Protein chains: 2
Amino acid sequence: MDIVNIKKLAKELNISTSTISRAFNGSPDINKDTKERILAFAKEHNFLPNHYASNLRDKKTKTLAVIIPEIANDFFSQAINGIEEVARKKGFYILLYRTDDVFEKEVSFVNYLNNGKVDGIIMSVSGEANDHNYLRQLESKNVPVVFFDRVYEDIDAAKVTTNDYDSSFDATEHLLQTGCRRIAYLVVNKSISIGQVRMQGYMDALKKHNVVFDDELVIDCSNDEKVNYKILTKVLQEIKPDGIFSSVERLAFATYYVCNDLAIDIPKQLKIVSFSSLGIAPLLSPALSTITQPAYEMGIKAANLLFEALEHKAATNHKRHVVLKSKLFIRRSSGE
Amino acid sequence: MDIVNIKKLAKELNISTSTISRAFNGSPDINKDTKERILAFAKEHNFLPNHYASNLRDKKTKTLAVIIPEIANDFFSQAINGIEEVARKKGFYILLYRTDDVFEKEVSFVNYLNNGKVDGIIMSVSGEANDHNYLRQLESKNVPVVFFDRVYEDIDAAKVTTNDYDSSFDATEHLLQTGCRRIAYLVVNKSISIGQVRMQGYMDALKKHNVVFDDELVIDCSNDEKVNYKILTKVLQEIKPDGIFSSVERLAFATYYVCNDLAIDIPKQLKIVSFSSLGIAPLLSPALSTITQPAYEMGIKAANLLFEALEHKAATNHKRHVVLKSKLFIRRSSGE
DNA sequence: TTGTAGGCGTTATCAC
DNA sequence: GTGATAACGCCTACAA
């Protein structure tokens with residue numbers, strides 16, 4: 001017997017489809033025995049209500065989209081874990097999308113979602129200096145959005161970030177205090193707000209310590225490892241910084257590789273601090289000093305904000321911006 | 001104007017819903033001008049066909065589920081990247097689910113999918129010695145399944161694995177050749193097939209070199225880092241192996257931490273080789289010798305197998321098992 | 001407590 | 001090349 005829908009089940013059981021529906025939806029208006037009989041029979045025949053049909057009826061997808069620049073990255077994968085944790089408790093499922101930091105992919109995916117595909121969206125964005133109207137359209141369709149880590153300031157959505165300015169200031173100051181005077185700032189995308197905020201912390205720390213900001217020391221890197229290797233090789237050979245403040249984990253690793261090949265001693269000749277969520281930073285050679293963001297907690301918080309918006313549609317007008325604290329871990333790469 | 005569905009669009013344009021539908025589905029039976037007019041108008045009003053309604057009609061979800069034990073793990077996140085890559089090209093989306101290596105979660109999620117929620121499933125499994133009937137039910141509903149890395153041998157589905165036996169044999173032999181005689185085998189879940197296959201390679205290498213297998217040297221670890229730390233501390237203090245062959249990346253890291261704290265010198269006092277997809281293994285202190293699986297390629301392959309099954313439902317009867325090759329990288333943790 | 005009927009938004013079939 | 005209509009599987013008034 002190949003029972004596939006509520007109708008056939010109804011026929012088999014000599015019962016109406018509505019009663020069956022009630023059995024599956026925790027309705028109080030149903031006899032306990034009837035319900036048990038239905039559920040038992042359904043289970044036996046391996047039946048479950050079709051999610052798409054239910055959704056078509058009541059416009060609840062129980063699904064949320066997570067849009068991030070990359071997956072194979074400790075920060076993001078930990079954040080996903082946090083989001084998943086919350087989503088699961090709520091009985092929600094996750095549609096995952098990776099933008100590779102390409103703005104167009106972000107736009108096309110968000111547009112695709114713009115038709116009742118998901119109940120809400122959690123994202124870390126990829127393109128700053130662009131038109132963000134595709135996001136405003138979601139708002140008009142009541143699909144709440146929560147940004148985490150990388151946000152668009154011009155969009156009125158809930159946001160979860162970390163105290164990037166302070167961390168960057170502290171990390172730079174730390175490098176200065178260990179004696180660095182020519183600190184390079186490594187960044188992938190200067191234009192996105194997070195890159196700017198972090199750079200501001202860096203600049204202000206320099207200023208406080210009367211070190212002149214040198215434009216040459218702001219190193220714009222790429223997403224391509226080989227390109228970064230070349231860029232950094234050139235920087236270490238020609239610009240010769242004595243400190244590195246990396247706003248992106250990947251760039252710190254690239255620096256390590258270059259130092260290995262150029263036989264530059266970390267931390268003697270070059271001190272390094274980097275934003276990083278790598279759990280095994282202490283195991284690197286030398287142990288990497290990190291600004292570690294609470295990635296998992298950020299995921300949890302972002303998901304909670306989303307569910308708040310979902311659950312009290314009304315109170316959604318005051319969008320919240322939650323700022324969590326990162327932690328600076330000083331290790332051998334910037335110490336003695 | 002708040003156009004939300006094909007009907008209202010039709011009214012606005014003085015055109016039938018069928019024509020609009022045709023415009024969106026690349027039907028040849030439509031006047032080019034009409035089509036352009038419709039698409040332009042739709043775009044202007046931010047309309048897209050509702051995915052759930054379409055699905056209800058033609059039973060194509062354009063979505064596939066990816067079920068894995070963990071996300072924050074280089075192997076799996078790289079594999080997801082590969083899967084995503086292929087899925088995207090096919091216009092498919094990904095529903096991600098993490099089992100935390102808990103068999104019950106795997107079952108409950110798969111059961112949830114058992115109602116037309118997705119077109120296919122790619123998974124790396126979590127519970128070996130169990131009843132896998134929940135998976136057989138998918139088969140009857142024509143939801144193809146592809147396993148990767150961790151598979152159930154008793155389920156007739158396409159599989160993508162690596163040459164685990166050979167790699168394990170080679171890694172163990174390498175340790176023996178560097179002089180190790182008491183090599184501990186670290187494993188998380190002895191019972192799953194992948195743990196067994198890797199252990200067999202280990203045992204056979206021992207035998208070939210006339211080293212007696214010692215049960216005491218098979219170290220059953222957990223998913224909890226603190227517990228592992230304790231277990232490994234005890235092992236290094238009491239059982240005192242001179243080599244470690246770790247079937248799971250995480251356990252190698254734990255060993256590093258323990259060695260740091262016990263002041264055990266790697267590789268002088270203890271040599272280590274581990275399965276690992278960590279890109280920065282060379283940057284560890286000391287650089288970690290790894291068996292590196294082609295995670296990304298495995299994801300690609302798994303997704304391709306799934307699409308094959310999806311596209312030629314007929315030819316699905318001979319399920320394929322693809323075996324890719326891992327690579328042994330010998331670095332300082334097991335050398336001089 | 002249970003049943004009937006209409007509709008969610010789309011598309012395939014058939015007619016024109 | 002276009003339009004009317006039924007159906008996909010489910011849920012919720014409303015009626016009984």
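Heavy atoms only: backbone and side chains are in, while hydrogens, waters and symmetry mates are out. Naming convention: chains lettered A, B, ... in sequence-line order (proteins, then strands); numbering from 1 in each chain. Keep in mind that what you see is a predicted model, and the values were worked out from it rather than measured.
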Could you check whether the side chain of [X] and the base of [N] have a donor-acceptor pair of N or O atoms closer than 3.5 Å, going by distance alone?
X	N	answer
A/Arg57	D/dC11	yes
B/Thr17	D/dA4	no
A/Thr19	C/dG3	no

For [N], does OP1 or OP2 lie under 4.0 Å from any side-chain N or O of [X]?
X	N	value
B/Ser21	C/dT11	yes
A/Ser18	D/dC11	no
A/Ser16	C/dG3	yes
B/Asn5	C/dG9	yes
B/Lys60	C/dT11	no
B/Thr34	D/dT2	yes

Using a heavy-atom cut-off of 4.0 Å across all strands, would you classify [X] as base, sugar-phosphate, or nothing?
X	result
B/Asp58	sugar-phosphate
B/Asn55	nothing
A/Ile30	sugar-phosphate

side-chain hydrogen bond (donor to acceptor under 3.5 Å, both in side chains) between A/Thr61 and A/Asn55, worked out: CA-CA 6 Å; A/Thr61 69; A/Asn55 172 243; 5.2 Å; no
Parallel, tilted or perpendicular: ring planes of B/Tyr152 versus B/Phe103, cut at 30 and 60 degrees: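 Correct class here is perpendicular.
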